[in-house]
Number of protein chains: 2
Amino acid sequence: MTEGAQYRQAEAGKRYDVFHTDCPARNVVDHVTSRWGIWVLISLRSNDLRFYELRESIHGISEKMLSQTLRALVQDGLVWREVEQTTPPQVTYGLTGFGRDIGEPLTELFDRITRQLPPYNAA
Amino acid sequence: MTEGAQYRQAEAGKRYDVFHTDCPARNVVDHVTSRWGIWVLISLRSNDLRFYELRESIHGISEKMLSQTLRALVQDGLVWREVEQTTPPQVTYGLTGFGRDIGEPLTELFDRITRQLPPYNAA
DNA sequence: CGGCATCCTCGATGATACTG
DNA sequence: CAGTATCATCGAGGATGCCG
């Protein structure tokens, strides 16, 4: 998202600070709802995972996109990253408290969508 | 999203049908988390809105993207569309029950993000 | 007012190859 | 194993103009 800001909503007295362009939350929203961010967060909800585990878990993601997405989420404080300086090196990722907090409504969102829709009918 | 599917997760016995490529829920997820879908849904949470009201509400969106986003959400059954054949014509949009259902965790997501972050500090 | 249709740009993404 | 660097592409998204 670039400029988008719901000034109207903001003026209306709602608490949607997110709608402001310069709000840091804006970036987090972008990252969370980004193409791969969602799946990374959901993948990490059940277990901490290594880099290659994430790559295999999230079918279709490239290494570039994975590391890029992870970097953003780590910066946002949603994901932690732990490096074990062995040979070969091991890097593990997991959700922070914040990440876990965010993951809840995210999961709820998916649950509600799947619950509403016919299981596997006409696409 | 194209191929992405968390086969691991699916195999793990979770109910993430969303991770399958051919699941219709997949499209809904894409639309909801799309660049503009989120803001449309949240904008409509408080009131039904006309086309131009949405355009002005969601700062930065182009007419093309707005109508495109709306079309997708209407097709998904998240948003209804009402045309009044007057001159000039009036078209109003609002959330369906499904849309309202989805809007909840979505709003919760934003609330949690904004709650966690410093109001307006360093971006 | 509420849209499509068209053209065009740019950034996100993917593929490939190379490092610590 | 866990990345980074580089290059190529592809499509979302923006700008503009027209129509009912």
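Here is the naming used below: chain letters follow the sequence lines, and residue numbers restart at 1 for every chain.
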Quickly work out the [X] [atom1] to [N] [atom2] distance and round it to whole Å.
X     : N      : atom1 : atom2 : value
B:H31 : D:dA12 : NE2   : P     : 10 Å
A:W36 : C:dA12 : CH2   : P     : 15 Å
B:I58 : D:dG14 : CD1   : P     : 12 Å
A:F51 : D:dA2  : CZ    : C1'   : 6 Å
B:I61 : C:dG3  : CD1   : C1'   : 13 Å
A:L49 : D:dG3  : CG    : C1'   : 17 Å
A:R55 : D:dC1  : CZ    : P     : 7 Å

Sub-4.0 Å heavy-atom contacts from residues 79-92 of chain A onto DNA chain C, ordered by number: A:P89
End-to-end bend of the helix from C:dC1-D:dG20 to C:dG20-D:dC1 (five-pair axes, 10° rounding)?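 Both end axes considered, the difference amounts to 50°.
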Check: B:L66 and B:W36 side chains under 4.5 Å, non-hydrogen atoms: no
Do you know which two heavy atoms are closest between A:W80 and A:T92, and how far apart they sit?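 Shortest heavy-atom separation between A:W80 and A:T92 comes out as CZ3-O, 3.5 Å.
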Nearest heavy-atom pair of A:S43 and A:I58: which atoms, and what distance?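 Smallest heavy-atom distance, with atoms named: OG-CG1, 3.7 Å.
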Hey, are A:E104 and A:R100 close enough for a salt bridge, meaning a charged N less than 4.0 Å from a carboxylate O? no
Heavy atoms from C-beta onward define the side chain here; which of D:dC1, D:dG14, C:dT13 lies closest to that of A:Y52?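 So the nucleotide nearest the side chain must be D:dC1.
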Just by distance, do the side chain of A:S34 and the backbone of A:H31 share a donor-acceptor pair under 3.5 Å? yes
Could you check A:R81, A:R50, A:E82 and say which one makes a side chain to side chain donor-acceptor pair (under 3.5 Å) with A:Y93? A:R81
B:V32 and its side-chain contact (heavy atoms from CB on, under 4.5 Å) partner, picked from B:N27, B:L78, B:D76: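 Among B:N27, B:L78, B:D76, the one meeting side-chain contact (heavy atoms from CB on, under 4.5 Å) with B:V32 is B:L78.
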Mind checking whether B:F110 and B:W39 have parallel, tilted or perpendicular rings, split at 30° and 60°? parallel
Contact list for DNA chain D against residues 63-78 of chain B - heavy-atom distance below 4.0 Å: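 Those residues are B:K64, B:M65.
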So, is B:R50 near the phosphate of C:dC1, with a side-chain N or O under 4.0 Å from OP1 or OP2?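 So the side chain of B:R50 is outside the cut-off, no N or O lying under 4.0 Å from OP1 or OP2 of C:dC1.
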Straight-line distance of B:R55 CZ to B:S67 OG, nearest 0.5 Å: 11.0 Å
